[in-house]
Amino acid sequence: VKISFVGGTGPAGTGLAERFAKAGHTVILGSRTLDRAEAARDTVMSAVPGADAHAAENATAVAQGDVVFLTVPFDAQRSTVESLAQDLAGKIVVSIANPIRVQDRRAIVVPQKAGSLAEEVMEIVPTARVIGALHEIRVSRFADLLREIRSDTVVCGDDADAKRIVMELLAQIPGLRPLDGGPLDNSRYVEGFVAVLITMNFTYRAGTSFRITGIKEPNGD
Ligand SMILES: NC(=O)c1ccc[n+]([C@@H]2O[C@H](COP(=O)([O-])OP(=O)(O)OC[C@H]3O[C@@H](n4cnc5c(N)ncnc54)[C@H](OP(=O)(O)O)[C@@H]3O)[C@@H](O)[C@H]2O)c1
């Protein structure tokens with residue numbers, strides 16, 4: 001699968017690209033400027049020798065990908081999606097951002113008119129096959145290839161095929177278990193709940209992740 005990252009030059013995009021490259025996929029690091037994309041590609045190639053990694057400006061990266069991850073800061077996602085709306089039409093688009101500001105050790109949810117950042121993508125590009133995922137995973141975890149992620153992630157979306165494709169991809173990241181969280185409008189609860197996880201990180205001086213129990217594993221657990 002060809003996987004693109006819009007704003008793939010930050011720790012989220014580059015770290016995820018490394019993990020997918022390790023799983024044998026083609027990755028395309030996107031940026032607003034080609035030279036930054038090339039630097040991110042070089043980072044991926046040195047972390048994962050033999051990686052099939054490429055660099056492109058965001059619009060080209062989107063055009064080349066079968067699945068597009070949005071990995072820009074949450075407050076830049078709207079303008080980024082608006083500027084790439086034509087390119088994103090019809091694509092599988094994964095929104096991972098959370099509308100949360102951290103101030104004085106407090107996590108504050110920034111209310112979204114669309115309900116969630118994932119739903120906002122769908123509002124701007126109605127033909128996009130939008131999936132919300134990876135909200136619960138701290139960006140620093142993506143970047144540290146030596147540590148297993150060890151978390152579930154709730155995956156929401158209205159397009160069943162797109163959701164299956166994204167869940168199959170995420171399941172290839174060691175330690176990560178994607179779970180079907182239902183329709184895209186459930187994303188608002190997942191995005192908002194991350195404020196609770198961040199609060200717990202402060203309270204317990206921890207790096208929390210997220211597990212749902214009670215779902216049977218194929219091994220009977
Ligand atoms: N708990 C968490 O920490 C957590 C968990 C899950 C998801 N996330 C989400 O992951 C996303 C990415 O995180 P990150 O730390 O990798 O982000 P980042 O490093 O701050 O930004 C990633 C890239 O986005 C591009 N960008 C920055 N400002 C932009 C703007 N105004 N317009 C367009 N592009 C812009 C830049 O790329 P170029 O300059 O190269 O274009 C930048 O390198 C965030 O939305 C975050 O909410 C966070």
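Both ligands and their constituent atoms are indexed starting at 1 by order of listing.
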- Atom indices of ligand 1 within 4.0 angstrom of Thr9 heavy atoms, with elements: 23 (C), 36 (C), 37 (O), 38 (P), 40 (O), 42 (C), 43 (O)
- Task: Using a strict cut-off of 4.0 Å, indicate which atoms of ligand 1 neighbour a heavy atom of Ser31.
- Result: 38 (P), 40 (O), 41 (O)
- Query: Distance only, no hydrogens: is a donor on one side chain within 3.5 Å (strictly under) of an acceptor on the other, for Ser116 and Glu119?
  - Reply: yes
- Task: List the closest protein heavy-atom neighbour of atom 20 (O) of ligand 1: residue, atom name, distance to the nearest 0.1 Å.
- Result: Pro73 CG, 3.5 Å
- Nearest protein heavy atom to atom 6 (C) of ligand 1, by residue and atom, and its distance? Ile137 O, 3.1 Å
- Query: Would you say Ser79 and ligand 1 have an N/O pair spaced under 3.5 Å apart?
  - Reply: no
- Item | Closest approach of any protein heavy atom to atom 17 (O) of ligand 1, naming residue and atom | Thr71 O, 4.2 Å
- Note on the structure: Closest heavy-atom pair, Gly192 versus Val109, reported as atoms and distance to 0.1 Å, is O-CG2, 3.9 Å
- Query: What pair of heavy atoms forms the shortest contact from Glu18 to Ala143, and how long is it?
  - Reply: OE1-O, 4.0 Å
- Item | ligand 1-proximal atoms of Leu70, by part, heavy-atom distance under 4.0 Å | neither
- Distance-minimising heavy-atom pair for Ala17 and Val44: CB-CG2, 4.0 Å
- Item | Nitrogen or oxygen atoms of Val72 and ligand 1 under 3.5 Å apart | yes
- Query: Any luck finding a side-chain donor-acceptor pair between Gln64 and Ser4 under 3.5 Å?
  - Reply: no
- Note on the structure: Counting from 1 in the order shown, the ligand 1 atoms closer than 4.0 Å to a non-hydrogen atom of Ala97 are 9 (C), 45 (O), 47 (O)
- Message: Give me the residue, atom name and distance of the protein heavy atom closest to atom 23 (C) of ligand 1.
- Response: Gly7 O, 3.4 Å
- Message: Other residues, nucleotides and ligands only: do more than 12 of their heavy atoms fall within 6.0 Å of CZ on Arg205?
- Response: no
- Message: If you compare all heavy atoms of Asn58 against all heavy atoms of Val6, which two are closest, and at what distance to 0.1 Å?
- Response: OD1-CA, 3.5 Å
- Can you sort out which atoms of ligand 1 are near Phe74, meaning under 4.0 Å from one of its heavy atoms? 45 (O)
- Query: At what distance, to the nearest 0.5 angstrom, does CG of Asp152 lie from CG of Leu179?
  - Reply: 4.5 Å
- Item | atom 15 (O) of ligand 1: nearest protein contact (heavy atom, Å) | Pro11 CG, 3.5 Å
- Query: Quick one: do the Glu136 and Ser151 side chains pair a donor with an acceptor below 3.5 Å?
  - Reply: no
- Message: Does Phe74, at its CZ atom, have more than 12 non-hydrogen atoms belonging to other residues, nucleotides or ligands within less than 6.0 Å?
- Response: yes
- For His135, the ligand 1 atoms whose distance to one of its heavy atoms is below 4.0 Å: 5 (C), 6 (C)
- Which ligand 1 atoms, with their elements, are less than 4.0 angstrom from a heavy-atom of Leu134? 6 (C)
- Note: ligand 1 atoms sitting under 4.0 Å from heavy atoms of Thr80 are 32 (N), 33 (C)
- Starting from atom 32 (N) of ligand 1, locate the nearest protein heavy atom and write down its residue, its atom name and how far away it is, to 0.1 Å. Arg32 NH1, 3.3 Å
- Message: Give me the residue, atom name and distance of the protein heavy atom closest to atom 8 (N) of ligand 1.
- Response: Val139 CG2, 3.7 Å
- Task: Assign the ring pair Phe69 / Phe20 to parallel, tilted or perpendicular, where the plane angle (0 to 90°) is split at 30° and 60°.
- Result: tilted
- Message: A quick test of your reading: do over 12 heavy atoms of other residues, nucleotides or ligands sit less than 6.0 Å from CZ of Arg164?
- Response: yes
- Short list, please: which atoms of ligand 1 are under 4.0 Å from a heavy atom of Ala76? 29 (C), 30 (C), 31 (N), 32 (N)
- Note: heavy atom closest to atom 7 (C) of ligand 1, options Ile96, Ile100, Leu117, Val6, belongs to Ile96
- Item | Heavy-atom nearest neighbour of atom 13 (O) of ligand 1 within options Ser95, Ala12, Ser140 | Ala12
